[in-house]
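Here is the structure we will look at.
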Protein chains: 2
Amino acid sequence: MDPESDQDVCAKWSETLRAYHGTSCELENELQSRHQLGLSEFEVLQVLSGHCGGADEKVMMKDLEAEMYLSQSALSRTVTRLEKAGLVTRAACELDRRANHLMLTAAGRERWEAARPTHEAVLRKHFA
Amino acid sequence: MDPESDQDVCAKWSETLRAYHGTSCELENELQSRHQLGLSEFEVLQVLSGHCGGADEKVMMKDLEAEMYLSQSALSRTVTRLEKAGLVTRAACELDRRANHLMLTAAGRERWEAARPTHEAVLRKHFA
DNA sequence: AATCATTATATGCATTGACATTCAATGCGC
DNA sequence: GCGCATTGAATGTCAATGCATATAATGATT
């Protein structure tokens, strides 16, 4: 059932490619030039801030990985960059010392809040 | 008009990300393991084969670049890889000797035709 | 408690891609 | 014909990513 033609399928893929490349490219440029953040860095901040309902929720690398389209190694390095920039902290988990608890710093939260409208505006431009 | 909520816009972006990463990742894996082709390499072969209605149409790098989401430099290197693999040829254009005419070799056409069903199957799986 | 498999994360290495620069061919103005 | 801006493509350099592997903490088995 639903025998979509090769053309239909191909057109959907083309449209996905167009939307993805156009949007991610502009997100990358805007976030970098206005807020010194790469797209995946912004996305990490976003997940961390989302998990923090109120103040200081903690997130493990594993959880983060599950919510992002990044390999474990790429994610580890992305967090390292954010840590060096003072936007997140890695704290060893006390219950399981293999794991890290990640947290936004105050600076991280500020940076994310500053960048959010930029991100939002680009998405709106491409999808509204 | 059409005041789509932030949520709508965000959901569309999420869906685009999901579709893009899921599909391109599987395309990459399948094409590589079954046909020793990266996705962008396959795409170059596809464009070249498409331009060749009958036998031996020629395509310039510039034209190729316009049809792909790749930088000029990345494209140049991708074509270099294909050339080394014997799948395409670069021939200096006679009218404008700065330019190259790209052509599929017989091996290139074979490889593309062999890989096409794999590509098609992945797209169908994700979009049908 | 010693061994072994598993889990959470980090790191070495190779690939890929983008940006800036370079080089050669072209064509324009004079 | 001679400079000079432009254009098509290749290359140097660097950042980001993925895969494989290393490290280290846990948990299970004996």
Calculate the interatomic distance between [X] atom [atom1] and [N] atom [atom2]; express it in whole Å.
| X | N | atom1 | atom2 | value |
| --- | --- | --- | --- | --- |
| A:Lys58 | C:dA8 | NZ | P | 18 Å |
| A:Glu28 | C:dC19 | CD | C1' | 14 Å |
| B:Asp96 | C:dG27 | CG | P | 7 Å |
| B:Met60 | D:dA9 | CE | C1' | 11 Å |
| B:Lys84 | C:dT15 | NZ | P | 11 Å |
| B:Leu37 | C:dT15 | CG | P | 16 Å |
| B:His21 | D:dT17 | NE2 | C1' | 11 Å |
| B:Gln32 | C:dT15 | CD | P | 11 Å |

B:His21 and A:Tyr20 aromatic centres sub-6.0 Å:
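Close enough - the centres of the two rings lie under 6.0 Å apart.
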Any base atoms under 4.0 Å from A:Leu39, or only sugar-phosphate, or nothing? Heavy atoms, all strands.
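A:Leu39: no heavy atom of the nucleic acid under 4.0 Å.
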Within the structure shown, what part of the strands sits under 4.0 Å from B:Leu64 by heavy-atom distance: base, sugar-phosphate, or nothing?
nothing
Can any side-chain N or O of [X] pair as donor or acceptor with the backbone N or O of [Y] at less than 3.5 Å?
| X | Y | result |
| --- | --- | --- |
| A:Glu83 | A:Val88 | no |
| A:Arg111 | A:His35 | yes |
| B:Asp96 | B:Arg98 | yes |

Which is more 5' along DNA chain D, the nucleotide nearest A:Cys93 or the one nearest A:Ala74? Just name the residue.
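Taking each residue's closest nucleotide, the earlier one in sequence belongs to A:Ala74.
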Given DNA chain D, 5'-ward residue of the pair A:Glu94 and A:Glu41, judged by closest heavy atom:
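First, find each residue's nearest nucleotide; the 5'-ward one identifies A:Glu41.
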Nucleotide nearest [X] when distance is taken to its side chain, options [options]:
| X | options | value |
| --- | --- | --- |
| B:Arg77 | C:dT26, D:dA9, D:dT13 | D:dT13 |
| A:Ser71 | D:dA10, C:dA18, D:dG18 | D:dG18 |
| B:Arg98 | C:dA24, C:dT9, D:dT17 | C:dA24 |
| B:Asn100 | C:dA10, D:dA9, D:dT26 | D:dA9 |

For a quick check, tell me whether the side chain of A:Ser73 and the base of D:dC19 share a donor-acceptor pair closer than 3.5 Å.
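Such a pair exists between side chain and base.
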Looking at A:Gln72 and C:dA10, is any side-chain donor or acceptor paired with a base atom of the opposite kind under 3.5 Å?
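In this structure, the two groups form a donor-acceptor pair.
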Verify the contact: side-chain N or O of [X] to OP1 or OP2 of [N], cut-off strictly under 4.0 Å; return yes or no.
| X | N | value |
| --- | --- | --- |
| A:Arg90 | C:dA10 | yes |
| A:Asn29 | C:dA18 | no |
| A:Ser40 | D:dT17 | yes |
| A:Arg97 | D:dG27 | no |

List the atom of A:Ala115, the atom of A:Leu37, and the distance in Å for their closest heavy-atom pair.
CB-CD1, 4.0 Å
Shortest non-hydrogen pair, A:Met68 vs A:Leu75, comes out as SD-CD1, 4.2 Å
Give me the bend of the helix from C:dA1-D:dT30 to C:dC30-D:dG1, using the axes of the five pairs at each end, rounded to 10°.
0°
The test is side chain to side chain donor-acceptor pair (under 3.5 Å); show your working for A:Ser49 and A:Arg116 and say whether it passes.
CA-CA 11 Å; A:Ser49 73; A:Arg116 195 139 76 111; over 6 Å; no
Test log, rule side chain to side chain donor-acceptor pair (under 3.5 Å), inputs A:Arg81 and A:Thr78:
CA-CA 5 Å; A:Arg81 291 194 297 274; A:Thr78 301; 3.2 Å; yes
